[in-house]
Amino acid sequence: MPALTALLTAALAAGALAGTIPPRIGTTDKGTASLTQVRNPHFVRHGPLALAKAYQKYGAPLPEDLKVAVANIVQKRTTGSVVTTPQQYDVEYLTPVSIGTPAQTLNLDVDTGSSDLWVFSSETPKSEVSGQTVYTPNKSSTAEKLAGATWEITYGDGSSSSGDVYMDKVTVGGLTVSAQAVEAAKQVSDEFTSDSQNDGLLGLAFSTINTVQPTRQKTFFDNAKSALNSPIFTADLKAGKPGHYNFGYIDTGAYTGSITYTPVDNSQGFWMFTSSGYAIGSASFQSTSIEGIADTGTTLLLLPDSVVTAYYKQVSGAKYDSSQGGYVFPCSITLPNFVVGIGSTRITVPAKYINYAPIDSTGRTCFGGVQSDSGIGFAIYGDIALKAAFVVFDGGKTQLGWASK
Ligand SMILES: O=C(c1ccc(-c2ccco2)nc1O)N(Cc1ccccn1)C1CC1
């Protein structure tokens, strides 16, 4: 099987290069040099491949089974990595996504709290478009209308959108899905119209809550999963600066300490987990189970009333302001940190993340990043919490991994 040999050689060469001892650089007889090795974050260990390398290194023939095992491994070598950039006050993070042929690049809000990939389009009424980049399926040679398919979604903040569906090529951070359901908007609510930088959403919750009818469609991650080195994606959001969404691998340089994994209940279609409790400032940790979701599409950290009340009790001048629909406090106040319990691990949300934004141009009164989850039925660990962590969304074991950074 010459093709297999070539494939194997390529794979082994790639693998071998990873381990080559660098040439002696810049050293003299007298001096010494120390070269710091850096782990390759994209490298995924594969036993059979390591064994095959050893056989090849000493010119031993490859046993038939090993040949087949290596051939299978070599196919799964895809990953993706894309930069995601915060808008003002980190209200949302926008990520470039290329759709169609030639590529039409839109900046989408990657949302682990929903499961539709929908975009402003040439079918969105001009009166509802205010600066967004639109997807024009008629200009894409790879677009194919999904006959009879429609979609409609309403979000927790009251915003909504709806339209029809095209299958087209979608690439995120170098990772391509050749046939992704791209939901073209024929209507968007005012909240989306007024968000001029946001060209649509890319949902990464579970495909069970995709809204396309009559046949539900898969998310970008679900479509890509089988080709990835590992069936996972990670969120590394940052305060006031760009972060990354990675697909198929864990960048071990992106976090400190170890990753603590916790089970996910995806029965409602969300990345739902049970936090082990919380702490406010330097007070003792309160061990109490709090069910919530990891939601990159929600800005704030929405928690049970009892926790929110306890938090703002520690903030002098804080009060619930019904005209703002949430807790506010003097912008100059010193806030306590908020600690999220994940098993025995503690993720500290710095106080500065919880001083979310001024309520008006005077800058005297500020809106809290911690607010109530009442009426939702579960907590929402939105960007305020997520930007304090490196989060692994594991679609293989249906679990969430959390690490500090
Ligand atoms: O906005 C949503 C949300 C996302 C997706 C869907 C949906 C309906 C059908 C498919 O998906 N429905 C939502 O409502 N939040 C966050 C939220 C809820 C309430 C207040 C603020 N934030 C869902 C993740 C919890």
Side-chain angles (χ1 to χ4, degrees), residues 87 89-95 108-119 149-165 181-185 187-192 194-195 198 200-222 233 235 237 264-275 290-305 307-308 320 324-327 354 356-357 367-387 391 393 398 400:
Q87 299 309 288
Y89 300 118
D90 299 350
V91 65
E92 64 189 6
Y93 291 73
L94 295 179
T95 305
L108 304 186
D109 180 359
V110 171
D111 178 13
T112 59
S114 67
S115 306
D116 285 50
L117 193 170
W118 73 262
V119 291
T150 59
W151 60 279
E152 175 173 18
I153 192 165
T154 302
Y155 298 99
D157 60 2
S159 59
S160 64
S161 50
S162 62
D164 53 17
V165 186
V182 179
E183 302 172 30
Q187 176 274 328
V188 300
S189 64
D190 293 348
E191 295 87 351
F192 287 114
S194 59
D195 188 357
N198 181 339
L201 266 67
L202 190 149
L204 292 181
F206 291 86
S207 298
T208 45
I209 59 170
N210 174 267
T211 71
V212 174
Q213 292 185 344
T215 312
R216 191 184 2 257
Q217 298 298 304
K218 284 187 175 182
T219 65
F220 173 80
F221 174 59
D222 264 358
F233 66 91
L237 303 183
V264 160
D265 166 9
N266 63 3
S267 58
Q268 295 182 64
F270 302 121
W271 291 91
M272 184 173 281
F273 66 100
T274 300
S275 164
I290 300 174
E291 193 177 53
I293 67 167
D295 183 3
T296 58
T298 290
T299 311
L300 306 181
L301 173 51
L302 308 180
L303 294 165
D305 282 329
V307 180
V308 177
Y320 181 83
Q324 294 293 319
Y327 283 84
I354 302 171
Y356 177 64
F367 195 79
V370 167
Q371 297 293 343
S372 168
D373 68 7
S374 72
I376 299 171
F378 43 80
I380 301 192
Y381 294 83
D383 301 339
I384 295 281
L386 298 174
K387 58 193 178 184
V391 186
F393 293 75
T398 313
L400 277 171

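Both counts, for ligands and for their atoms, begin at 1 and track the order of listing. These numbers come from a predicted model, not from an experiment. Side chains included, hydrogens not; waters and symmetry mates left out as well; all remaining heavy atoms used.
- Side chains of D222 and S207: a donor-acceptor N/O pair is present below 3.5 angstrom, by distance only.
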task: Take D305 and S372 through the side chain to side chain donor-acceptor pair (under 3.5 Å) test and state the conclusion after the steps.
output: CA-CA 5 Å; D305 282 329; S372 168; 2.5 Å; yes
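- In this structure, the ring of Y320 has its center less than 6.0 angstrom from the ring center of Y327.
- In this structure, a donor-acceptor pair under 3.5 Å is absent between the side chains of T150 and D164.
- Heavy-atom contacts of I376 reach the following atoms of ligand 1: 19 (C), 20 (C) (cutoff under 4.0 Å).
- Taking atom 10 (C) of ligand 1 as the reference point, the nearest protein heavy-atom neighbour is I209 O, 3.1 Å.
- If you look at N210 next to ligand 1, there are no close heavy atoms at all, none under 4.0 Å.
- The nearest heavy-atom contact from the protein to atom 11 (O) of ligand 1 is I153 CD1, 3.7 Å.
- Residue contacts with ligand 1 for D116 are absent, since no atom lies close enough (heavy atoms, distance under 4.0 Å).
- Side-chain contact of D157 with S159: a donor-acceptor pair under 3.5 Å is present, judged by distance alone.
- There is a side-chain donor-acceptor pair under 3.5 Å between D116 and T211.
- Here the protein heavy atom with the shortest distance to atom 6 (C) of ligand 1 is T154 O, 4.0 Å.
- A donor atom on one side chain and an acceptor atom on the other are found under 3.5 Å apart for N210 and E183.
- A donor-acceptor contact closer than 3.5 angstrom links the side chains of Q187 and S162.
- Taking atom 4 (C) of ligand 1 as the reference point, the nearest protein heavy-atom neighbour is G113 O, 3.0 Å.
- Around atom 14 (O) of ligand 1, the closest heavy atom drawn from G297, G156, G158 belongs to G156.
- For ligand 1, the atoms sitting less than 4.0 Å from at least one non-hydrogen atom of I380 are 16 (C), 17 (C), 18 (C), 22 (N), 25 (C), numbered in the order shown with element in parentheses.
- Atoms of ligand 1 lying under 4.0 Å from at least one heavy atom of D295, given by number and element, are 16 (C), 24 (C).
- Under a 4.0 Å criterion applied to the non-hydrogen atoms of F378, ligand 1 contributes the atoms 25 (C).
- With ligand atoms numbered from 1 in the order given, ligand 1 contributes 24 (C), 25 (C) to contacts under 4.0 Å with heavy atoms of I293.
- If you number the atoms of ligand 1 from 1 as listed, the ones under 4.0 Å from a heavy atom of F270 come out as 24 (C).
- The neighbour count for Q213 CD, taken as heavy atoms of other residues, nucleotides or ligands under 6.0 Å away, does not exceed 12.
- Shown in contact with T211 at under 4.0 Å from a heavy atom are these atoms of ligand 1, numbered in order with element: 9 (C), 10 (C).
- With F393 as the fixed residue, the ring-ring contact (aromatic ring centres under 6.0 Å, His included) test singles out one of W271, F206, F270: W271.
- Counting protein heavy atoms only, atom 22 (N) of ligand 1 is closest to T298 OG1, 3.6 Å.
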